Amino acid sequence: MGLSQLWLSVLIVLLFHGKWLCDGCWDDERIALLKLKAYFNASNSVALDSWGKIPNCCYWEYVECSPVTGRVTSLHLRMDWSWTSADWYLNASLFVPFKELKRLSLVDFNIAGCVENEGFERLWNLDNLESLDLSMNKFINTILPSLSGFSSLKSLNLDDNRLKGIIDIQVLNNLTSLKELSLRANGIKGFISSHGLRNLELLDLSYNGLDNNKLSYLKGFASLKSLYVRQSSLTGTLNLKEFEGLNNLEELDLSENQIIRFEALKDARGLSKLSKLLLDSIIGYGGNSSLLHSLGAFPYLKILSLQNNYLKSLESAQGLPNFKKLENLYMNYSATNNNILQIISNITSLKTLSLYDCGLSGTLSQGICNLEDLQVLDIGYNNLIGTLPLCLANLTSLQQLTLSYNSFTGKIFPLGSWTSIQELELSHNHFQIPISLGPLFNHTRLKQFHAEGSEVYADTKVHNLIPKFQLETLVLSGLGYGGAFPKFLYYQQELKVFDISYIQMKGSFPFWLLENNTNLVMLYLANTSLSGPLQLPIHTHMGLSNLDISNNGLQGHVPAGIGVSFPMLKVLKMSRNGFSGNIPSSLSNVSSLTTLQLDGNQFTGSIPDNLYKCSNLEMLDVSDNSLSCRIPGSMGNMSSLEILDLSKNNIFGSLPPNFNPSELAYVYLSENRLQGSIRNAFSDCSKLVTLDLGDNSLIGTIPEWIGRLPYLSYISLSYNNLEGEIPNHLCNLSSLNFLDLSHNNLSGHIIPCLRFADYFRVKDPRIESKQMKFTTYSYLEITLYSFSIMDLSYNKLSGEIPPELGNVQVLNLSHNSLTGPIPSTFSTVIQSLDLSYNQLDGKIPGELTHLRLLVFSVAYNNLYGSIPMEDANTWFFTGSSYEGNPFLCGLPLPKSCNATTEDNSGFIDMEVFYVSFGVAYVVALLTIGAVLYINPYWRRAWFTFIEVKIAHFPYFLNLLRGKGLCA
């Protein structure tokens, strides 16, 4: 065949192939998938909504295709949350077109069965089907016969269905290729004996109701290697005769049952291949240790798991059997006593021992030193104290040592015999670690060293030796003074993680560390006293993803090419340094960037316009700088942005219209120079939790869209020029627990429907770095993130305080024009109440004395009567809390309350009235006399007026006598 003929043949094949295969997907299978979508959606579902949006069905969600033929090979379908909860019946024939289907998953669809004559029998011709997952449905026992014709099936999962009672497993005997059968979480009590599944290697019967005296049906599974019967109601003594015939069994999980002991086989060789036994959560509080004594029935074990058990009653005289072959023992989260290490020390074959969080206390037993073959030792998260025993040098095979979260002390000492050590985890103890790591220089295989939280110190002796190790991970973050960067670091070339945060160092940014370690992924140098300019490596570093140099003394301009030097950055933290100049625009080219924190510096200029190119950016914090610009409207297109903090700058202008990043949850724009209204910004940010626009010059009214945000929990619009009334739509916020509208020009009444959430929502993932309202509410010593707060002070609100307004912990209504009485209905949760500088009247309700208030003020109102006091221990505030109310009396005011005042329930104090009236009368007479003396004209007019009145007096007197009104 010539070359031209070969090309023609290839072209014909391609054309023929293209007739049926378009855009990488076969037409018949695309049509079948769309029919499948329509069938699912017919049951009021929006499942598979993405199907059909692109032509190539091989790229549709839940679909996998063969890279060779383009045929569908896998369908992994799982119920969408909107799926109907009602029972549903499957038309299995919809899957017939997928001739090369190997894996089919229909999980959590509430399938109770199949449509008549459209069951799984229709799929028996799918000769390539190897895996079928029907878990989390509602199939009953009758489903089994319809599955018996899948001759190629290797894995069958029927977990969490409604199979019950004794199962006739023989109907599956034709599944000769079946290797894995999972029947977890049904109501199975056992099987009718079967010898058909001769190739079955894994059987999972966990979370059923088995009878441990009727397990003999398992003998038919002669090829079984793994048997899981976790939490399956097995109780009392378990006779291993039930497992006789399982000569290939390698792994057995009996966890979470109530077995008290095992009865051994007469010939233990029947289970000679059983090397792994799991007995987690099997001995509870008060249980005896007879189960452990009977573990001698498993003499061939290599792996034993006894996690989450109560073993405090275990004594050294009883102990574990003296296993000869046991290599791995896991007892994590088990309550033990200090004898356990002495007991375990007899099992000298151990290679892995894990006693994480077992309540061990005191010093480390030297019995551990007998385990000379030990390769992995984990005794982290206990209460061990003291120094490490010198005999640990006997553990010459040790590769991994974990001592974290204890209270060990002392300096680490050279252990030259640990020639195999690869990982040392010493974090969160009280070790003293030299910054040079001199004691570890000879450990040639050491790759991981963690000593977080230890005390690091600078060596007085200079180490000029070249270390024999090449570390991959070095974590020394904690406390101490390290001095200059140690010389051994200059020889490291394989570092991936380097963290010396909070160690006080001397020098500049170690750019050479990046040049020498091209695989470095994470570099953490926060709070290490670095100074000088930020110098970057000469060549582009393609590996660095996390860089944290926050809280240092670095200064100068950030190099313009930082985005080019670190193109793979995901997290960049440069907070609280002395950086100045513009924010480098090259950061916009780092498409992988998720976190950018530049707060607390001296940056000027504007936010880069093209920062929107960072499509994965989730957090942007440039607060507390000197930026002077408008907010770029393009930032509204940042689809991944969750946290935006531009506070404490000189940001000016209006908020960009339609500024609605879809994932935005936390917004901080306070202490800027923003103007205009907030009518259009953030209106479609449906995930918004925090909105802080305080300390600006915003105008207009509070927009209605705020009431449509279901997760909005924190609102601060204080120190602006907002007008109008408090809108009723704020009552729709079911998650609200912080509302600050203070220092505005709001008017009208306080709406009574405002409600605060009964739970406390975390406002911001950066809780430790935010200092919200601490100055305004400095009297509260508890973090305000745990308080529900409403501050409406310094407005023009009028009307009465709604009695419904009671379920808030901090309430400030001061400096308004509120009238009426103080409600007596405040909830007992309230801890701060400020009603000062209003026009409230009436008495102070006695019910307030039952509240545990930290702050209380009703100063400068029109209150009267005695100040209520239950006793001196529950109600004590200084006079400044009540001043400015002239008719209040009683402690702590100097004015006492007498009986007359106490009996008078009117508004006027009569004693005060009489005195003021007499003084006013005398002053009036003196004033008239002075005027008549000084002015002759008014004096003549006055006396003329008196003469006229006297002349007319007899006339009026006679008139009254004539009418009988005067005697």
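Everything numeric in this text was worked out from a predicted model, so none of it was measured. Count residues from 1 along the sequence. For the numbers below, each heavy atom of this structure counts, side chains included, while hydrogens, waters and symmetry mates do not.
- Under a 3.5 Å cut-off, the side chain of D168 and the backbone N or O of Q170 do form a donor-acceptor pair.
- Residues N137 and D108 fail the side-chain proximity criterion, which asks for heavy atoms closer than 4.5 Å.
- Salt-bridge formation is not detected for the pair E263/K241: no Lys NZ or Arg NE/NH1/NH2 atom is positioned less than 4.0 Å from an Asp or Glu carboxylate oxygen.
- With respect to K273 and E250, no salt bridge is recorded, no charged nitrogen being found less than 4.0 Å from a carboxylate O.
- In this structure, Y39 and W88 have tilted ring planes: the angle between them lies in the 30° to 60° band.
- With 3.5 Å as the limit, one finds no donor-acceptor pair spanning the side chains of S420 and Q375.
- Atom CZ of R261 and atom CG of N239 lie 9.0 Å apart (nearest 0.5 Å).
- Between the S232 side chain and the L205 main chain, a donor and an acceptor come within less than 3.5 Å of each other.
- The two atoms that bring S152 and L126 nearest to each other are OG-O, 3.8 Å, heavy atoms only.
- Checked by atom type and distance alone, the side chain of N257 pairs as donor or acceptor with a backbone atom of L234 at under 3.5 Å.
- Residue R184 comes nearest to N186 through the heavy atom pair O-ND2, 3.1 Å, listed as atom of the first residue, atom of the second, then distance.
- The 12-atom threshold is not exceeded at NZ of K189, counting heavy atoms of other residues, nucleotides or ligands nearer than 6.0 Å.
- From L215, atom CG reaches atom CG of L240 across 10.5 Å, with rounding to the nearest 0.5 Å.
- A salt bridge does not link K351 with D373: every distance from a Lys NZ or Arg NE/NH1/NH2 to an Asp or Glu carboxylate oxygen is 4.0 Å or more.
- R30 places a side-chain N or O within donor-acceptor distance of the main-chain N or O of P55, the cut-off being under 3.5 Å.
- Taking each heavy atom of V115 and N91 in turn, the nearest pair found is CG2-N, 4.1 Å.
- Counting only heavy atoms from C-beta outward, the side chains of L246 and L274 never approach each other to under 4.5 Å.
- In terms of modelled atom types and a separation under 3.5 Å, the side chain of T336 and the main chain of L311 share no donor-acceptor contact.
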I169 vs I192, test: side-chain contact (heavy atoms from CB on, under 4.5 Å). Steps then yes/no. CA-CA 6 Å; I169 203 69; I192 296 175; 5.9 Å; no
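- At a threshold of 4.5 Å between non-hydrogen side-chain atoms, the residues D204 and V229 do not count as touching.
- Contact between L326 and S349 at its shortest, heavy atoms only, is O-OG, 2.6 Å.
- Using a distance-only test at 3.5 Å, with no hydrogens or angles considered, a donor-acceptor pair links the side chain of N382 to the main chain of L355.
- With hydrogens and angles ignored, the 3.5 Å screen pairs no side-chain donor or acceptor of S233 with any backbone N or O of L210.
- In this structure, the side chains of L238 and F243 come closer than 4.5 Å at one or more pairs of heavy atoms.
- Judged by distance alone, the side chains of E118 and Y89 never bring a donor and an acceptor atom under 3.5 Å apart.
- Ring pair Y381/Y356 is tilted by interplanar angle, where 30° to 60° counts as tilted.
- Look at R230 and D280 and you find a salt bridge, because one of the NZ, NE, NH1 or NH2 atoms lies within 4.0 Å of a carboxylate O, short of that distance.
- Closest non-hydrogen pair, I283 versus N309, comes out as N-OD1, 2.6 Å.
- For the pair L156/E180, no side-chain contact is recorded, criterion being any heavy-atom separation below 4.5 Å from C-beta on.
- To the nearest 0.5 Å, atom CG of residue L132 and atom CG of residue L158 are 7.5 Å apart.
- A distance of 6.0 Å separates NZ in K570 from OG in S545, rounded to the nearest 0.5 Å.
- Between K138 and D160, no side-chain nitrogen of the basic residue sits less than 4.0 Å from a carboxylate oxygen of the acidic one, so the salt-bridge criterion is not met.
- Counted by atom type alone, E423 and Q448 present zero donor-acceptor pairs between their side chains at under 3.5 Å.
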For a disulfide (SG to SG under 2.5 Å) check, start with the C-alpha distance between C58 and C65, then their side-chain angles and the critical distance, and finish with the verdict. CA-CA 5 Å; C58 293; C65 295; 2.2 Å; yes
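- In terms of heavy atoms, S334 sits closest to N308 at OG-N, 3.1 Å.
- Counted by atom type alone, D159 and S135 present zero donor-acceptor pairs between their side chains at under 3.5 Å.
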Chi angles and distances behind the side chain to side chain donor-acceptor pair (under 3.5 Å) call for T69, E100: CA-CA 9 Å; T69 65; E100 295 185 15; 2.9 Å; yes
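- A ring-centre distance under 6.0 Å is found for F262 and F298.
- Counting only distance, with no hydrogens or angles, the side chain of S105 and the backbone of V107 share no donor-acceptor pair below 3.5 Å.
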Would you please test L279 and L295 for side-chain contact (heavy atoms from CB on, under 4.5 Å) and show each step? CA-CA 10 Å; L279 297 173; L295 289 179; 3.5 Å; yes
E425 vs S404, test: side-chain contact (heavy atoms from CB on, under 4.5 Å). Steps then yes/no. CA-CA 6 Å; E425 173 58 83; S404 56; 3.9 Å; yes
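- A heavy-atom distance below 4.5 Å is not found between the side chains of L278 and Y330.
- When side chains are defined from C-beta on, L106 counts as touching F95, because their heavy atoms get closer than 4.5 Å.
- Formation of a donor-acceptor pair under 3.5 Å by the N208 side chain with backbone atoms of L183 is found in this model.
- For the atom pair CD of Q399 and CG of L374, the computed distance is 10.0 Å after rounding to the nearest 0.5 Å.
- To the nearest 0.5 angstrom, L36 atom CG is 9.5 Å from L34 atom CG.
- The closest side-chain heavy-atom distance from L203 to F191 is below 4.5 Å.
- The pair E201-K179 counts as a salt bridge, with a side-chain nitrogen and a carboxylate oxygen less than 4.0 angstrom apart.
- Between the S146 side chain and the I143 main chain, a donor and an acceptor come within less than 3.5 Å of each other.
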Run E242 and K219 through side-chain contact (heavy atoms from CB on, under 4.5 Å) and show every step you take. CA-CA 8 Å; E242 301 293 327; K219 297 178 182 179; over 6 Å; no
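- Counted by atom type alone, N332 and S354 present one or more donor-acceptor pairs between their side chains at under 3.5 Å.
- Remark: Y300 OH is packed, more than 12 non-hydrogen atoms of other residues, nucleotides or ligands lying under 6.0 Å away.
- We find that R71 and E29 are joined by a salt bridge, their nearest charged nitrogen and carboxylate oxygen being less than 4.0 Å apart.
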